[in-house]
Amino acid sequence: MKVIFHDGHIEEHTFEDEVGRGALRHTAAHILAQAVKRLYPDTKLAIGPSIKDGFYYDFDKEGGFSQEELDALEAEMKKICKENLKLERYTLPRAEALKLMEDLNEPYKVELINDLPEDEELSFFKQGEYVDLCAGPHVTYTSQVKAFKLTSVAGAYWRGSEKNKMLTRIYGTAFTSKADLEEYLQRLEEAKKRDHRKIGKEMKLFMISEEGPGFPFMLPNGMIIKNELINYWRELHTREGYVEVQTPMILNRHLWETSGHWDHYKENMYTTVIDDTDFAIKPMNCPGGMLVYKSEPRSYRDLPMRIGELGLVHRHEKSGELHGLMRVRCFTQDDAHIFMTEDQITDEIKGVVRLIDEVYSLFGFKYAVELSTMPEDHMGELKDWEHATDALKQALEEMNLPYTINEGDGAFYGPKIDFHIEDSLGRTWQCGTIQLDFQLPMKFEAEYIGADGQKHRPIMIHRVVFGSIERFMGVLIEHYAGKFPTWLAPEQVRVLPITDRNNEYTDKIIEALKAKGIRCTADKRAEKTGYKVREAQVSRVPYMLVIGDREQEENTVSVRRRDHTDTTTMGMDEFVEMVAEEIKNKK
């Protein structure tokens, strides 16, 4: 398909490449806006970009849009596509552009024009009677948008500011074929079924209370999963030579000024006053880690020094951005800080990458790697940033690990490597990160005595594997649809006696399972076995043991797995050993 760019030139692209996909979906957003103006002409237009999985357009319409109105808009959009309208780009001088938008009664477009630099070329795209202030790109005819769907409606503040008016945002997606659209919509339906908030409620894993928006409550079943993840984390980090510490949750302003957070991150921090002194609840663990390092003299023989911390951190997030466990105001960060000499940088980064790879492989995640460089708001000199960035590149290239560059998205104190995991639905989540920092050791005047007897400045790595344990749990809930591997499942085995005659043998099985540390319950209710099996399946228990007179006589168990309809008869001891081994090896 042909794509028209901001400067008016045309290139051939396919839907498979990012430019072609974005142009098609941006055109779909304009088709939506044209349909809105045809059916609801008093509506005011805001903005309508393409996004990762589709597009949206923000509108100012009294009362928003009902489902019936969305259906009517889809029907009108289909008409516009069939009309095969040509998209034409043209430019206007600022005065004429302003007059056009004023004549069309589009105040949001007028505001956008007024905020653009004086020398900016003002381009417009026209299709039929519809015209929009837009930089593009677009496809050349509306008929190229073969398949689309309006997927949801949400509120959105104009220009993202709570001080501005709340607009109505219509989300949609578009494809070049109906088959691709259907496949995508099926994935959306599956994602709804896997929503961690829904499953979390069904499985009694966590809750969010109106008394603490953004502050999740972990329920007993959720604590089992969280603790299993923490136990696994500790097992790995002990093996890899990390020591664990715990630093205070509240520290004074002087510390956060020294670290740079007071100047660069204060809007995300919760603050208080104690004894007439400003304090802040920690949004991250690293400054406390610096104080641990500085608590006694260090020698080059102590390095690399790997310090881990499962620290509870608090960050202020806007209420409209909160989302279950995925976006919260309080979470446990599986932090670690590595202090090292300059010649240890590459090996230490490689060691962290290998550790992250081991963890993600266990959970069945594929991942992509992104290297983020110096942001505009940063500390330190350019030469230090270049040195740190080159060190990260060298480690990735020596490991033959493909990566993309994300310009300007590093932390304010150093460049970073981000790991984007892909779940079972093909969605990506940013979890692990490795940040190389020359700045904090300098800010805190951290030192070690080198082999030459002189004082030297250590280099610091900040890194997380899970990122936020709570968020990682949310990702796992949706990845597995709540059907956790046995070692993580809150309830691993449920024993289902057929009659009261089998209760004594059931107790014997429960005792044997608990002796091996296996989490189990018995359902002794006077209900039909099929009903109890279905309930266990809804609870996503990995193993159900149906116990009748025959099993009791033969000292066996009838085993039914979570996703199987058939049963297998095994000796009781054999089953216990099998499950214990499965849990031990985290299969």
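Only heavy atoms go into these numbers, but all of them, side chains included; no hydrogens, no water, no symmetry mates. Residues: numbered from 1 along the sequence shown.
- Taking Glu211 as the reference, nothing meets the salt bridge (Lys or Arg N to Asp or Glu O under 4.0 Å) condition, with sequence neighbours excluded.
- Partners of Arg560 under the salt bridge (Lys or Arg N to Asp or Glu O under 4.0 Å) rule, at least two apart in sequence or in another chain, do not exist in this structure.
- Under the rule for a side-chain contact (heavy atoms from CB on, under 4.5 Å), the partners of Arg354 that lie at least two apart in sequence or sit in another chain are Lys350, Met399.
- A distance below 6.0 Å separates the ring centres of Phe65 and Phe59.
- Applying the ring-ring contact (aromatic ring centres under 6.0 Å, His included) test to residues at least two apart or on different chains, the pairs with a partner in residues 74-99 are Tyr90-Phe124.
- Residue pairs meeting the ring-ring contact (aromatic ring centres under 6.0 Å, His included) criterion with at least one member in residues 67-87: none, sequence neighbours excluded.
- Glu202 pairs by the salt bridge (Lys or Arg N to Asp or Glu O under 4.0 Å) definition with Lys198, Arg540, not counting sequence neighbours.
- Within the structure, every pair that satisfies the salt bridge (charged side-chain N to carboxylate O under 4.0 Å, His left out) test and touches residues 104-115, not counting sequence neighbours, is listed here: Lys37-Glu106, Lys109-Asp132, Glu111-Arg159, Asp115-Arg159.
- The closest side-chain heavy-atom distance from Glu11 to Pro137 is not below 4.5 Å.
- Aromatic ring centres of Trp487 and Tyr232 lie closer together than 6.0 Å.
- Judged as a side-chain hydrogen bond (donor to acceptor under 3.5 Å, both in side chains), the pairs with a partner in residues 72-82 (not counting sequence neighbours) are, in order, Arg38-Glu76.
- Of the charged side-chain nitrogens involved, at least one lies within less than 4.0 Å of a carboxylate oxygen, so that Arg89 and Glu121 count as a salt-bridged pair.
- For the side-chain hydrogen bond (donor to acceptor under 3.5 Å, both in side chains) test, residues two or more places apart in sequence or in another chain that qualify with Ser143 are Asn84.
- Residues Glu190 and Arg194 are paired through a salt bridge, judged by an N-O separation under 4.0 Å between the basic side chain and the carboxylate.
- Checked against the 6.0 Å centroid criterion, the rings of Phe363 and His479 do not qualify as a close aromatic pair.
- Remark: Arg561 pairs with no residue by the salt bridge (Lys or Arg N to Asp or Glu O under 4.0 Å) rule, at least two apart or across chains.
- Remark: Glu120 does not engage Arg94 in a salt bridge, criterion side-chain N to carboxylate O under 4.0 Å.
- When the side-chain contact (heavy atoms from CB on, under 4.5 Å) test is applied to Lys587, the partners found at least two apart in sequence or on another chain are Glu582, Asn585.
- Pairs of residues two or more places apart, or lying in two chains, that qualify as ring-ring contact (aromatic ring centres under 6.0 Å, His included) and include a residue from residues 93-116 are Tyr108-Trp158.
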